[in-house]
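Residue numbers start at 1 and run along the sequence shown. One-based numbering, in listed order, for ligands and for the atoms of each. Owing to the predicted nature of the structure, the values given are computational and were not obtained by experimental measurement.
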Amino acid sequence: MRLNQCQNFHDFRRMARQRLPGPIFNYIDGAADDETTYRRNTEAFEACDLVPDVLRGVAQVDMSVTVMGQKLAMPVYCSPTALQRLFHHDGERAVAAAAGKFGTMFGVSSLGTVSLEEARKISGGPQVYQFYFHKDRGLNRDMMVRAKAAGVQVMMLTVDSITGGNRERDKRTGFAIPFRLNLAGIAQFAAKPAWALNYVTHERFRLPQLDGHVYMGGGAMSISRYFTDMLDPAMSWDDVADMVRQWGGQFCLKGIMSVEDAKRAVDIGCTGIVLSNHGGRQLDGSRSAFDQLAEIVDAVGDRIDVMMDGGVQRGTHVLKALALGAKAVGLGRYYLFPLGAAGQPGVERALDLMRIEIERAMKLMGCKTVAELQRRHLRFR
Ligand SMILES: Cc1cc2nc3c(=O)[nH]c(=O)nc-3n(C[C@H](O)[C@H](O)[C@H](O)COP(=O)(O)O)c2cc1C
């Protein structure tokens with residue numbers, strides 16, 4: 001399969017599967033336990049029908065949105081994801097450049113493989129820095145100081161990952177950083193020599209956000225140990241309130257699901273929340289963000305920007321979330337498979353297809369602006 005033949009998420013996924021060693025493909029594609037929530041995330045959109053208006057004079061469509069003070073040319077953004085240089089040697093550089101070209105926001109993960117400073121320079125668009133809460137409070141403070149100095153506009157604290165999810169596919173292949181592959185895993189790497197050649201001929205793999213804290217070379221600390229040893233499961237609302245105060249700007253919590261927590265996020269001064277179950281990678285059985293969206297928007301939508309992610313594969317999925325009241329929608333695997341398949345041109349093609357789909361769907365729905373998309377345009381089965 002070639003890039004210009006890819007028409008949708010499924011084509012990119014197929015192409016990524018052809019190119020990537022099995023353990024890496026499965027790290028992206030996999031989720032927790034029985035992967036019920038992962039499947040449910042996309043199914044949730046399919047249980048909701050669109051009811052279009054016609055004859056609304058939709059020659060020009062404006063799909064821009066403003067979220068957490070950032071104007072986005074399209075209502076989707078690239079949600080922060082870890083380890084991107086394993087998927088393609090350009091990693092975050094490719095995604096930052098593509099997001100910048102499409103005028104949208106790009107999230108760098110604290111487990112990113114390119115420094116937040118470099119990503120900031122490349123993207124040009126608004127940038128999110130996603131971080132986890134460490135036991136080492138000094139490290140938490142340093143990260144915020146560093147992000148501020150780099151010109152990051154939005155801090156995003158992920159609150160659904162105080163411990164790692166049970167990713168059984170990774171256990172089966174032995175996927176870990178540093179690699180601890182079992183025989184089956186090694187055989188799968190050997191089957192993709194082009195990926196391996198690329199990997200060894202490019203710069204050494206690093207986690208620049210955690211330099212000096214997670215040592216890759218000597219194998220002193222693996223990613224799963226990072227979650228268990230360095231992150232603080234005792235994190236509380238008071239701790240987060242302190243961070244929100246210290247940052248003094250746009251601050252959002254990623255992984256909020258309950259109305260109660262959404263209200264608390266408002267109370268401590270957050271400016272945004274992302275309803276998310278981490279793409280089904282953490283708590284299997286968790287409700288889909290789309291199913292939970294209306295309840296949260298009704299409770300806090302007039303006081304905080306509500307975003308959502310999980311299972312988004314189509315422009316019509318984005319429209320459904322916007323019609324329920326989301327301010328913007330996060331993409332995860334939707335851009336990761338194209339990254340793995342073809343690097344920056346892959347991500348650009350995926351974002352372009354998404355842009356075209358959103359524009360077409362808005363016209364077919366009779367909506368010239370995102371604000372015109374409303375709940376009356378939806379029916380749940
Ligand atoms: C391979 C992979 C790595 C991820 N890494 C992170 C991360 O470092 N931090 C984070 O907050 N979310 C991370 N996520 C979750 C995404 O930001 C997003 O919530 C999720 O992918 C949305 O679901 P979707 O992939 O179905 O679109 C990751 C997701 C994937 C697939």
Exercise. Using the ring of each side chain (for Trp, its six-membered ring), is His89 parallel, tilted or perpendicular to His202, with breaks at 30° and 60°?
Worked result: parallel

Exercise. Angle class for the His317/Phe45 ring planes (parallel below 30°, perpendicular above 60°, tilted otherwise)?
Worked result: parallel

Problem set entry | Partner of Asp160 under side-chain hydrogen bond (donor to acceptor under 3.5 Å, both in side chains), chosen from Gln282, Arg281, His278 | His278

Problem set entry | Sorted by chain and number, the residues that approach ligand 1 to under 4.0 Å with a heavy atom | Tyr27, Ile28, Ser79, Pro80, Thr81, Ala82, Ser109, Gln130, Tyr132, Thr158, Lys254, Ser276, His278, Gly279, Arg281, Asp309, Gly310, Gly311, Gly332, Arg333, Leu336

Exercise. With a cut-off of under 6.0 Å to the ring centre and 45° to the axis, is Arg167 in cation-pi contact with Phe175?
Worked result: no

Exercise. Is any NZ, NE, NH1 or NH2 atom of the basic residue among Arg375 and Asp298 found under 4.0 Å from an Asp or Glu carboxylate oxygen of the other?
Worked result: yes

Problem set entry | Aromatic ring pairing Tyr334/Phe9, orientation class (parallel under 30°, perpendicular over 60°, tilted between) | parallel

